Amino acid sequence: MNNRYLQLSGLEPLIITPETNFINIGERTNVTGSRQFLRLIKEDKFEEALVVAVDQVNGGAQILDVNMDEGMIDGKEAMVKFLLLIASEPDIAKIPIMVDSSKWVIIEAGLKCLQGKGIVNSISQKEGEKKFIEYGEKIKEYGAAVVVMAFDEEGQADTYDRRISICETAYNILVNKVGFSPTDIIFDPNIFPVATGIEAHRRNALDYFHATRWIKENLPGAYVSGGVSNISFSFRGNNMVREAMHSAFLYHAIKHGMDMGIVNPAMLVVYDEIPPDLLERVEDVLLDRRDDATERLTEFAGNIKGVSRKKDADDTWRKLSIGERLSHALVNGITEFIIDDTEEARKHYKSPLKVIEGPLMDGMNIVGDLFGSGKMFLPQVVKSARVMKQAVGYLVPYMDEEKKLTGNVRSQLKILLATVKGDVHDIGKNIVGVVLSCNNYEIIDLGVMVPAEKILDTAVKEKVDVIGLSGLITPSLEEMVEVASEMQRRGMKLPLLIGGATTSRIHTAVKIDPAYDGPVVHVLDASKSVPATSDLLNSERNIEFIRKIKADYEILRRNHFKKRESKEYLTFSEAKKNAFVADWRKPNFLKPVFTGNKVFENYPLDEIIKYIDWTPFFHTWMMKGKYPAIFSDPKHGYEAKKLFDDANNLLDRIIGENLLKANAVIGIYPANAIGDDIEVYDIDDKSRIIREFHFLRQQGKKSAGVPNICLSDFIAPESAGIHHIGFFAVTAGVGIDTVIEKYQESHDEYNIIMIKALADRLAEALAELMHKKVREKFWGYASNEKMDYEDLLKEQYQGIRPAPGYPACPDHTEKKKIFDLLHVEESTGITLTESMAMAPGASICGYYFSHPESRYFPVGKIGKDQVEDYARRKGMAVKEIEKWLAPNLNY
């Protein structure tokens, strides 16, 4: 199911909405971003390296970037070891992890260690579309989001046009061919240095800004990220300039739609506190406002070279009034003097409550304004909140004592918060509670898994002013409707706040608001909770505010029901009526020469080599061009030939020393299509069904005369007589782990990459070879096929070999039936993980269809009616099917 927003998680969820502002990705657990971290990893001091991760989380990092790419480190081992340690530290493991590597083996090893939903950083089209799709499909199987670099076979995108072109192509491939949810795609349109003195670099920042805006407007659902420190590369050693550049860059990038980025919070300054003369010069460079912008900033930087902004190195702010000092400390996240200053303020003001309502809230209002306008970033706001919490914590005992003396036990408005029954997620609720308490509301937090009766009984007993409901999982939505209905039954009038990842304005309008006559307000995140609560409880504004909310929800309901009547999708019944219909009277299918299973153990590699598609191999090594023309390339030709020679030398070793084994199994069976299913029969008893394979049909509305295809359409129905279907599973990776381990012992990264690249090429070649043998020999429906190498690579032959998980058959669970039917694990050594991924990685499995008109196609989005029918046919729960087909659901 495609979600509205990017949903990540460690032990706690992170939902990134348009109102989230900026998500900070901590970079100090990246060996290329922190000398300290690199040293600790090299010295095998992993426990000490955890402290770096803790500091990142405490410093406001909401996602942790982990990278172990360094020549003298066993990257895979280090990644696994560190992530397993993180998993045992709740303070770190609560946030999502970004597995960062240029090596797929490290990424995949990292993905296997994650608890929750993380991010892969990164993939690109630099190795060509085929490899890009392969990585995308694997990442999708692991359930991770992905960072996509603006990089193709021609290199990194360094202009606006190249950025948007590459990102658009990648988006279409991932969404339409791989089946990725758009909200799981994060583009990095390349942040390059400015003020380098090179004319071509003048627009680097501006092109990034414009590309970001284009992505947000034209690639629905996608997010944008980037490595911010790159922008200031020209000013290494001058932290004052770099900090100003980072903050100014973020200020403008966020305005253009940047959602997240890798940035060191210590290298940021509050935008409004950048000296005006420095800010002017920095923005002249970033926005390319002057021809001499680089020269002016360089000259200015020279005058302050070696000067870095040391927080509060001068104590002039300490001479301000007590109220101004508290505000300054909050805005700048300074805790050093907060207790002393809070005590001074307590003595200065009439009551401890007045300290909170006065200078502390004044400071937090400034923070809120700066954050809302993009001039402060979440890591800084986290530090500000920490200061506020310390100050309020100091004042609480004094406020409690004052209440006892005055008898004023109701100095604050009360808000009851609860995570509804059946749900245990409450981080969002806790944040809302902190924000509201900082705004002088008394919070009663009932925790998680709270039934409606307890929520409402407590609300009455405590005489609360507002009830806030939270939930993350989908069933929570229905529970919220139950609470609203019970409030209506009891005749309650309290405002009801609705929040949580799965909630939305449209759901609140359609489901919850009609169940309750009182005020119902959807609150997108903590930043919106204060103004919403204030408007609800303000006697002068609440009537108009509630009237407007009710009117807005009525419009949303009407529009929602109109959209449901849209004919963008056919019903499942209509789609089946528009199926592809073959003329089965034609002799277009032939009885196979062979039926049953055939195993090919330790298939001769020297024969497989002939079918290698070498072009993607060169793309793996970032060499553009097609084989063999690449050898004539004036730039890459010489090195390409050397690489090719090295590859063939290693192939000779692989063959001579039996380093890798290539195994395959194929099966050809009698079959018929029964609707959208294919029944596979015993080869000796056509009346006995031994397997049923289930497929999905396109439901998108087509132009006149264009069918809604299902793979079963390419198999004859019973009325046309017995047809046949084939299956296959191949691998060329048996033994690769042992080889890699030996290369790792000698730190031979070159051959590690080389053998992996060759194993992938060999697996693809074996799949192509097996298909050719099936067409020409074992099935024989194309026995006279004459095809040269180029035509073979272009798949210009009769029949197709789609694989479960691919666009035409997106359900990975069907792999298990192929494995059972062909006895894949026993005959080839390939195994299936819980996520239906195949190991070794250099493995492929799928179907053979022989029909001359069979073709590849994407199923696309499907409706609930088909999902229910599919679940019934497979004998699985609808919810389980929805989990596996989430990216294909149109509801």
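Since this is a predicted model, take the numbers as computed values, not measurements. Computed over heavy atoms, backbone and side chain alike; hydrogens, waters and symmetry mates excluded.
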How many angstroms lie between atom [atom1] of [X] and atom [atom2] of [Y], to the nearest 0.5 angstrom?
X: F572; Y: D869; atom1: CZ; atom2: CG; result: 4.5 Å
X: E168; Y: N172; atom1: CD; atom2: CG; result: 5.5 Å
X: S225; Y: I25; atom1: OG; atom2: CD1; result: 4.0 Å
X: F849; Y: L711; atom1: CZ; atom2: CG; result: 4.5 Å
X: Y135; Y: E108; atom1: OH; atom2: CD; result: 10.0 Å
X: S712; Y: I678; atom1: OG; atom2: CD1; result: 6.0 Å

Is there a donor-acceptor pair closer than 3.5 Å between any side-chain N or O of [X] and the backbone N or O of [Y]?
X: D100; Y: D65; answer: no
X: Y847; Y: F728; answer: no
X: R761; Y: Y611; answer: no

[X] versus [Y]: any side-chain heavy-atom pair under 4.5 Å?
X: Y848; Y: Y781; result: no
X: K255; Y: F209; result: no
X: I612; Y: L762; result: yes
X: N190; Y: M149; result: yes

Charged N to carboxylate O under 4.0 angstrom, [X] versus [Y]?
X: K177; Y: E129; result: yes
X: K817; Y: E814; result: yes
X: R873; Y: E868; result: no
X: E154; Y: R162; result: yes
X: E137; Y: K140; result: no
X: E768; Y: K772; result: no

is_close_aromatic([X], [Y]), centroid dist under 6.0 Å:
X: H771; Y: W779; answer: no
X: F714; Y: F580; answer: yes
X: F132; Y: F151; answer: no
X: F727; Y: F693; answer: yes

side-chain contact (heavy atoms from CB on, under 4.5 Å) evaluation trace for F187 with R163:
CA-CA 10 Å; F187 285 108; R163 283 177 169 94; over 6 Å; no

Q699 and side chain to side chain donor-acceptor pair (under 3.5 Å): which single residue from T571, N708, D865 fits?
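Only one option passes, and that is D865.
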
If we ignore angles and hydrogens, is there a donor and acceptor under 3.5 Å between the side chains of K130 and T615?
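Note: K130 and T615 side chains miss the donor-acceptor criterion.
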
Students often mix this up, so state it plainly: with edges at 30° and 60°, are the rings of H256 and H210 parallel, tilted or perpendicular?
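Plane angle between 30° and 60°, so tilted.
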
Which is it for K815 and E141 under the salt bridge (Lys or Arg N to Asp or Glu O under 4.0 Å) test, yes or no, and what are the steps along the way?
CA-CA 13 Å; K815 287 178 184 174; E141 288 175 18; 3.6 Å; yes

Atom NZ of K577 with >12 non-hydrogen neighbours under 6.0 angstrom:
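Result for NZ/K577: open.
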
